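Below: the structure, in structure tokens.
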Amino acid sequence: MADTFNYRIDHHGSLVRPAELAAARAAAAPETLKEAELQAVKDAVAFQRKLRSTVVTDGDFPREDFRSAVLDGVSGFRRTDETDADGLTHWVAESLPKANGPLLADWAARLTDLTVIAPKASLPSPAYLAATTFRPGHGPSSARELGEALAEIVLAEIELLVSKGVRLIQLNNPLLLGQLGTDPADPGALSFEDALAVDALAVRLDERPEGVRIAVAPGAVAPAAVDWARAEQLYGVIGADRWVLPFDQGTPAELALVKALPEDRDFCLGVVDATVPELEDIDTVMARLDAVGEFKDLEDGAVAPSRGFADVASRPLLSTEQQRRKIELVETVARYVWGNEF
């Protein structure tokens, strides 16, 4: 699939929120918050352009966490007072969801106005939302039914985003890689097979304009060992153009995830660890990529941090300065691999 639209220097979408935005959100004054969000997004675009990223996002600045575009933009979900270990608030589906309007398209249009660089949008996958919000007896008859309803909403949003000029759209399902282990994790409310079927519904664009990529990020950490048959099933069922895979630990399982990818798919490798401030050794990163080059065409590849820097706004993984250094290292890696042609 080698072409000129692989967006070599990528990131997952969420960035560390500036202090001014955090203060505005804490003040809970709608007009002040709106102005702070817009200014923060403008600054984020300038930040990404300065770092020579080949995609630009709004940093998730207008949102509480990486799921918020959907959970805040559709009816049928109830927020609870519970949180998990990562600081994510638990939500419960109490009825089948209905969209109240565009989820990300308005912000995507602003990005298009702010820069000529390809806008990128990130959404939670419908299977992930169904698996984490379904509770028996609270509305939908099953997690599969809930997931299919969400998939229709997400697909409609993807089509709208593409019409607004977005060229890279990423669905995040942090649960999928756990299901690829030789000892797979508990699927919770949604089986592995159902999760694949649901997420496949969300990426079934009949036509993709030139340069459009629909990506799936199936998790930030590879399992200890990959079940090859399950990996082939994952890639075979979900018709995404691009797979965003962890590649920052140098494990055989990370390499296996790339090796199992069909030849007609792009891959974006998370070559630096977004959870620690220490910078990776460039020679070590390049050696790992050289190993990929033995069985994959690197022209179908891209590089990125391993995950979002602030998937939960209130829990950034690094400081703004540490984040900058990590993204700069991603750019350096890209130039080592592909020179200056992006």
Side-chain angles (χ1 to χ4, degrees), residues 11-45 47 56-94 97-108 110-111 119-135 146 150 153-154 157 161 169-175 217 219-220 274-275 305 307-320 323:
H11 65 86
H12 281 243
S14 67
L15 299 171
V16 177
R17 276 60 162 185
E20 297 81 1
L21 178 57
R25 181 164 284 121
E31 285 303 316
T32 301
L33 177 58
K34 185 177 180 180
E35 292 175 4
E37 287 174 343
L38 183 56
Q39 185 59 52
V41 169
K42 289 179 179 178
D43 292 343
V45 169
F47 171 73
V56 168
T57 80
D58 63 11
D60 269 345
F61 287 173
R63 291 169 284 282
E64 179 182 359
D65 63 57
F66 77 96
R67 312 162 303 165
S68 297
V70 174
L71 292 177
D72 290 343
V74 305
S75 62
F77 292 96
R78 175 175 58 84
R79 183 189 182 104
T80 75
D81 295 329
E82 304 169 11
T83 57
D84 67 12
D86 296 321
L88 286 170
T89 299
H90 289 169
W91 291 68
V92 176
E94 296 191 315
K98 293 183 179 180
N100 298 322
L103 306 178
L104 291 176
D106 291 343
W107 280 104
R110 293 187 179 97
L111 284 179
K120 173 180 177 176
S122 296
L123 288 160
S125 90
Y128 172 77
L129 291 177
T132 55
T133 63
F134 175 76
R135 292 187 185 178
L146 173 60
L150 285 163
I153 292 171
V154 170
E157 184 68 14
L161 288 167
I169 300 162
Q170 178 175 313
L171 296 188
N172 295 308
N173 188 336
L175 300 178
T275 69
R307 57 177 295 169
F309 289 101
D311 288 339
V312 180
S314 61
R315 292 200 179 189
L317 300 175
L318 299 177
S319 70
T320 300
Q323 171 184 259

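No experiment lies behind these values; they were computed from the predicted model shown.
The two atoms that bring Pro126 and Leu171 nearest to each other are CD-CD1, 4.5 Å, heavy atoms only. The minimum heavy-atom distance linking Ala127 with Asn173 is given by the pair CB-ND2, 3.7 Å. Contact record, Ala274 with Gly308: CB-O, 4.4 Å, taken as the closest heavy-atom pair. The heavy-atom pair separating Leu146 from Ala130 by the smallest distance is CD2-CA, 3.8 Å. When every heavy atom of Ala69 is checked against every heavy atom of Leu104, the shortest pair comes out as CB-CD2, 3.6 Å. Residue Arg67 comes nearest to Pro124 through the heavy atom pair CA-CG, 3.7 Å, listed as atom of the first residue, atom of the second, then distance.
Listed by first and then second residue, the ring pair (Phe, Tyr, Trp, His ring centres under 6.0 Å) pairs that reach into residues 12-36 come to none, sequence neighbours excluded. Residue pairs meeting the salt bridge (Lys or Arg N to Asp or Glu O under 4.0 Å) criterion with at least one partner in residues 120-131, sequence neighbours excluded, are Asp10-Lys120. Among pairs with a residue in residues 19-35, those fulfilling salt bridge (Lys or Arg N to Asp or Glu O under 4.0 Å) read Arg25-Glu37, at least two apart in sequence or across chains.
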side-chain contact (heavy atoms from CB on, under 4.5 Å) between Val70 and Leu123, worked out:
CA-CA 8 Å; Val70 174; Leu123 288 160; 4.3 Å; yes
List the steps and the verdict of side-chain contact (heavy atoms from CB on, under 4.5 Å) for Leu33 and Leu21.
CA-CA 7 Å; Leu33 177 58; Leu21 178 57; 4.1 Å; yes
Ser75 and Asn100: side-chain contact (heavy atoms from CB on, under 4.5 Å), yes or no, with the steps?
CA-CA 7 Å; Ser75 62; Asn100 298 322; 4.2 Å; yes
Output, in order, the C-alpha distance, side-chain angles, deciding distance and verdict of side-chain contact (heavy atoms from CB on, under 4.5 Å) for Phe61 and Leu38.
CA-CA 9 Å; Phe61 287 173; Leu38 183 56; over 6 Å; no
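Side-chain atoms of Thr57 and Ser122, non-hydrogen and from C-beta on, never get closer than 4.5 Å to each other. Here the side chains of Leu175 and Thr132 are in contact, with some heavy-atom distance below 4.5 Å. Side-chain atoms of Leu71 and Glu64, non-hydrogen and from C-beta on, never get closer than 4.5 Å to each other. Annotation: side chain of Val92 is not in contact with side chain of His90 (no heavy-atom distance under 4.5 Å). Considering only heavy atoms from C-beta on, Ser125 stays 4.5 Å or farther from Val154 through its side chain. For the pair Arg110/Val41, no side-chain contact is recorded, criterion being any heavy-atom separation below 4.5 Å from C-beta on. You'll find the side chain of Leu103 stays beyond 4.5 Å of the side chain of Leu161, heavy atoms only. With contacts defined as side-chain heavy-atom distances shorter than 4.5 Å, the pair Thr83/Thr89 qualifies.
Side-chain atoms of Asp84 come within 3.5 Å of backbone atoms of Asp86 as a donor-acceptor pair (strictly under, hydrogens ignored). The backbone N or O of Leu15 sits nowhere less than 3.5 Å from a side-chain atom of Gln323 that would complete a donor-acceptor pair.
In terms of the side-chain hydrogen bond (donor to acceptor under 3.5 Å, both in side chains) criterion, residue partners of Asp43 (sequence neighbours excluded) are, by chain and number, Gln39. For Arg63, the salt bridge (charged side-chain N to carboxylate O under 4.0 Å, His left out) criterion is met by Asp58, Asp60, not counting sequence neighbours. Tyr128 is linked by a ring-ring contact (aromatic ring centres under 6.0 Å, His included) to Phe66, counting only residues two or more places apart in sequence or in another chain.
Distance check: Asp65 CG to Asp72 CG gives 8.0 Å after rounding to the nearest 0.5 Å.
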